[in-house]
Trainee: 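Pasting in a structure now, in C-alpha cells, and then I'll have a few things to ask.
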Amino acid sequence: VQLQAYGGGLVQAGGSLRLSCTVSGRTLTSYDMGWFRQAPGKEREFVAAIRRSGGITLYADSVKGRFTISRDNGKNTVYLQMDRPKPEDTAVYYCAADLAPQISNTGSYRYWGRGTLVTVSS
C-alpha cells in the first residue's frame with residue numbers, strides 16, 4: 001500500500017486549502033483513513049479521521065468546525081478541506097491508512113504517506 005499526500009503550500013490565515021491523499025496498491029474502501037500533522041519541535045498529532053464506510057468522522061478540537069475530511073472511494077482519494085486556517089495550523093500534514101481500532105491514535109496506522117507542508121501566514 002502506498003499513500004501520496006499533496007496539495008500543501010502557503011495560504012493566508014482565513015483562506016482555504018485542500019489536501020489530497022491518494023492510495024495505491026489496495027482499494028480505499030479497505031481502510032480507515034486519518035490525517036495527522038507535525039509542527040517543528042512538536043510531536044505528531046491527530047487532525048481528522050474517517051471510517052471505511054465514510055459514515056463516521058472525528059476531528060481534533062483545534063480544527064473542529066474549520067476542517068472537513070471526506071473520501072472519494074471511486075478515486076481512491078481522501079481529502080482534508082482546510083477552511084479559515086490559522087498560523088498555528090502550520091505543520092507537515094500526513095495521511096495514514098489502516099483498519100484502525102482508534103482512528104485518532106497514530107499507533108493504529110501502519111501505512112503512512114510522505115507529508116505535505118502547509119504554511120499559514122498571518
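It should be emphasised that the depicted structure is a prediction, and the values quoted were computed from it without experimental measurement.
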Trainee: Determine yes or no for a side-chain-to-main-chain donor-acceptor pair under 3.5 angstrom, with T77 supplying the side chain and K75 the backbone.
Mentor: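 Checking the backbone N and O of K75 against the side chain of T77, a donor-acceptor pair under 3.5 Å is found.
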Trainee: How far does CZ of R71 sit from CZ of R52, to the nearest 0.5 angstrom?
Mentor: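 Rounded to the nearest 0.5 Å, the CZ-CZ separation comes to 9.0 Å.
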Trainee: When you compare the side chain of T22 with that of Y6, does any pair of heavy atoms fall below 4.5 Å?
Mentor: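 They are in side-chain contact.
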Trainee: Would you say L17 ends up clustered with V63 if hydrophobic residues are merged whenever their side chains have heavy atoms under 4.5 Å apart, either directly or through other cluster members?
Mentor: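 As far as the 4.5 Å side-chain criterion goes, L17 and V63 are connected within one cluster.
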Trainee: L28, V1: one ILVMFWY side-chain cluster at the under-4.5 Å cut-off?
Mentor: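 Same cluster: L28 reaches V1 through Ile, Leu, Val, Met, Phe, Trp or Tyr contacts under 4.5 Å.
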Trainee: Does any part of the side chain of Q2, heavy atoms only, come nearer than 4.5 Å to the side chain of V23, both counted from C-beta?
Mentor: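 No - every pair of side-chain heavy atoms lies 4.5 Å or more apart.
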Trainee: Extract all donor-acceptor atom pairs below 3.5 Å that involve side chains of residues 112-122 and protein atoms in other chains or at least two apart in sequence.
Mentor:
from, atom 1, to, atom 2, distance (Å)
W112, NE1, Y109, O, 3.1
T116, OG1, G8, N, 3.0

Trainee: Might you confirm whether atom CD of E45 has over 12 heavy atoms from other residues, nucleotides or ligands at distances under 6.0 Å?
Mentor: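 Yes, CD of E45 has more than 12 neighbouring heavy atoms, counting only those of other groups under 6.0 Å.
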Trainee: If I take atom CG from residue L80 and atom OG from residue S20, how far apart are they, to the nearest 0.5 angstrom?
Mentor: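 So the CG of L80 and the OG of S20 are separated by 9.5 Å.
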Trainee: Are the side chains of R37 and Y94 in contact, using a 4.5 Å heavy-atom criterion?
Mentor: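 Side chain of Y94 against side chain of R37, heavy atoms only: no contact under 4.5 Å found.
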Trainee: Please report the interatomic distance OG(S24) to CG(L3), rounded to the nearest 0.5 Å.
Mentor: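 Spacing of OG (S24) from CG (L3) equals 7.5 Å.
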Trainee: Taking the side chain as every heavy atom from C-beta outward, state whether V47 and Y93 have any atom pair closer than 4.5 Å.
Mentor: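 They are in contact (side-chain heavy atoms under 4.5 Å apart), so the answer is yes.
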Trainee: Taking the six-membered ring of F36 as reference, does the NZ or CZ atom of R44 fall below 6.0 Å from its centre and within a 45° cone about the axis?
Mentor: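 Because its charged atom misses either the 6.0 Å distance or the 45° angle limit, R44 does not stack over F36.
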Trainee: Do the side chains of D89 and K86 get close enough for a salt bridge, i.e. N-O under 4.0 angstrom?
Mentor: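 No, no charged N to carboxylate O under 4.0 Å.
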Trainee: Grouping I, L, V, M, F, W and Y whenever their side-chain heavy atoms are under 4.5 Å apart, do M33 and I103 come out in a common cluster?
Mentor: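 No, because M33 and I103 fall into different hydrophobic clusters, even though each may have its own neighbours under 4.5 Å.
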Trainee: Is there a side-chain contact between W35 and F67, using heavy atoms and a 4.5 Å cut-off?
Mentor: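 Side-chain contact under 4.5 Å: no.
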Trainee: Looking at CG of L58 and OG of S104, how far apart are the two atoms once the value is rounded to the nearest 0.5 Å?
Mentor: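 Answer rounded to 0.5 Å: 5.5 Å.
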Trainee: If the test is side-chain contact (heavy atoms from CB on, under 4.5 Å), which one of I56, I69, T68 qualifies with I50?
Mentor: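 Among the candidates, only I69 passes.
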Trainee: Mind checking what makes side chain to side chain donor-acceptor pair (under 3.5 Å) contact with N105, not counting sequence neighbours?
Mentor: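 Listed in chain order: Q102.
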Trainee: Roughly how far, to the nearest 0.5 Å, is the CZ atom of R26 from the CG atom of N76?
Mentor: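 Answer for the CG-CZ pair, N76 versus R26, is 11.0 Å.
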Trainee: Would you call D98 and R110 a salt bridge, taking side-chain N to carboxylate O under 4.0 Å as the test?
Mentor: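 Salt bridge present between D98 and R110.
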Trainee: Between V11 and P85, which heavy-atom pair has the shortest distance, and what is it?
Mentor: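 Taking every non-hydrogen atom into account, CG1-CG, 4.1 Å.
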Trainee: Are S70 and Q81 packed together at the side-chain level, in the sense that at least one heavy-atom pair is separated by less than 4.5 angstrom?
Mentor: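 SC-SC contact between S70 and Q81 ruled out.
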Trainee: Looking only at non-hydrogen atoms, find the nearest pair between Y79 and D72 and report the distance.
Mentor: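 Heavy atoms of Y79 and D72 come nearest at CE1-CB, 3.9 Å.
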Trainee: Specify the closest pair of heavy atoms between A100 and D32, including all atoms of both residues, with the distance to one decimal.
Mentor: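 Closest approach of A100 to D32: N-OD2, 2.8 Å.
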Trainee: Sub-3.5 Å donor-acceptor pair from the side chain of N73 to the main-chain atoms of T27, do we have one?
Mentor: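 No; zero donor-acceptor contacts below 3.5 Å.
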